[in-house]
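Following: one structure in structure tokens, then a few remarks.
Because only heavy atoms are used, hydrogens play no part in the values below, and waters and symmetry mates are left out as well, while side chains stay in.
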Amino acid sequence: MDEKTLLGSYSSSFPILDEVTDLVFDGYRNGFDLTQLISHRFPFEEAVEAIQIASNPRPGSMKIMMEPVRGAGRLTDCGETRTAKGTT
């Protein structure tokens with residue numbers, strides 16, 4: 001069996017944590033849709049390509065998202081969605 005380990009990471013600046021938290025949650029409550037920051041969506045089957053784009057950011061790549069089920073993380077119609085058949 002070829003096993004892989006998936007390691008997540010997180011980074012933040014503690015001194016501005018409260019300010020950012022307020023911005024995110026207050027903004028969301030007031031109609032600021034953070035999902036607009038997602039530039040690419042990939043099904044898990046295309047994880048290698050998603051990681052490649054995330055590892056080599058370009059001006060058009062903001063936030064990269066992998067979804068277990070196509071469209072599962074979509075609240076609004078935003079960003080680029082990758083599927084096994086291409087971009088939608």
Side-chain angles (χ1 to χ4, degrees):
M1 182 185 311
D2 184 19
E3 294 185 22
K4 304 289 183 209
T5 300
L6 180 62
L7 176 66
S9 65
Y10 173 79
S11 67
S12 72
S13 176
F14 187 75
I16 64 169
L17 183 61
D18 289 337
E19 183 179 348
V20 171
T21 301
D22 289 343
L23 174 67
V24 170
F25 290 110
D26 290 345
Y28 186 76
R29 282 189 282 270
N30 292 314
F32 182 62
D33 184 6
L34 295 176
T35 62
Q36 297 296 320
L37 299 176
I38 301 170
S39 60
H40 297 76
R41 295 171 182 269
F42 290 87
F44 280 159
E45 296 80 22
E46 295 182 23
V48 171
E49 186 175 354
I51 293 168
Q52 183 68 21
I53 289 175
S55 298
N56 301 287
R58 291 174 271 174
S61 59
M62 186 85 136
K63 296 290 181 188
I64 313 305
M65 180 176 176
M66 289 188 288
E67 309 175 288
V69 176
R70 183 176 174 215
R74 184 176 297 280
L75 296 176
T76 62
D77 187 21
C78 66
E80 177 181 332
T81 300
R82 296 286 304 194
T83 66
K85 295 182 180 179
T87 303
T88 61

Pairs of donor and acceptor atoms involving the side chains of residues 52-59, under 3.5 Å and at least two apart or interchain, shall be tabulated with distances.
{"unit_1": "Ser55", "atom_1": "OG", "unit_2": "Ile51", "atom_2": "O", "d": "2.7"}
{"unit_1": "Asn56", "atom_1": "ND2", "unit_2": "Gln52", "atom_2": "O", "d": "3.0"}

Side-chain donor-acceptor distances from residues 20-27 under 3.5 Å, at least two apart:
{"unit_1": "Thr21", "atom_1": "OG1", "unit_2": "Leu17", "atom_2": "O", "d": "2.8"}
{"unit_1": "Asp26", "atom_1": "OD1", "unit_2": "Arg29", "atom_2": "NH2", "d": "2.7"}

* Can you name the nearest heavy-atom pair linking Met65 to Ile38, along with the distance? -> SD-CD1, 3.7 Å

* Asked: Closest approach of Gly60 and Ser39, non-hydrogen atoms and distance?
  -> O-CB, 3.4 Å

* To do: Please report the C-alpha distance between Leu34 and Tyr28 in whole Å, then the side-chain angles of each, then the deciding distance to 0.1 Å, and finally whether the side-chain contact (heavy atoms from CB on, under 4.5 Å) criterion is met.
  => CA-CA 7 Å; Leu34 295 176; Tyr28 186 76; 5.5 Å; no

* Asked: If you measure from OG1 on Thr35 to CZ on Arg41, what distance do you get to the nearest 0.5 Å?
  -> 6.5 Å

* To do: Please identify each residue that fulfils side chain to side chain contact (heavy atoms under 4.5 Å, CB included) with Phe44, with sequence neighbours left out.
  => Met66, Pro68

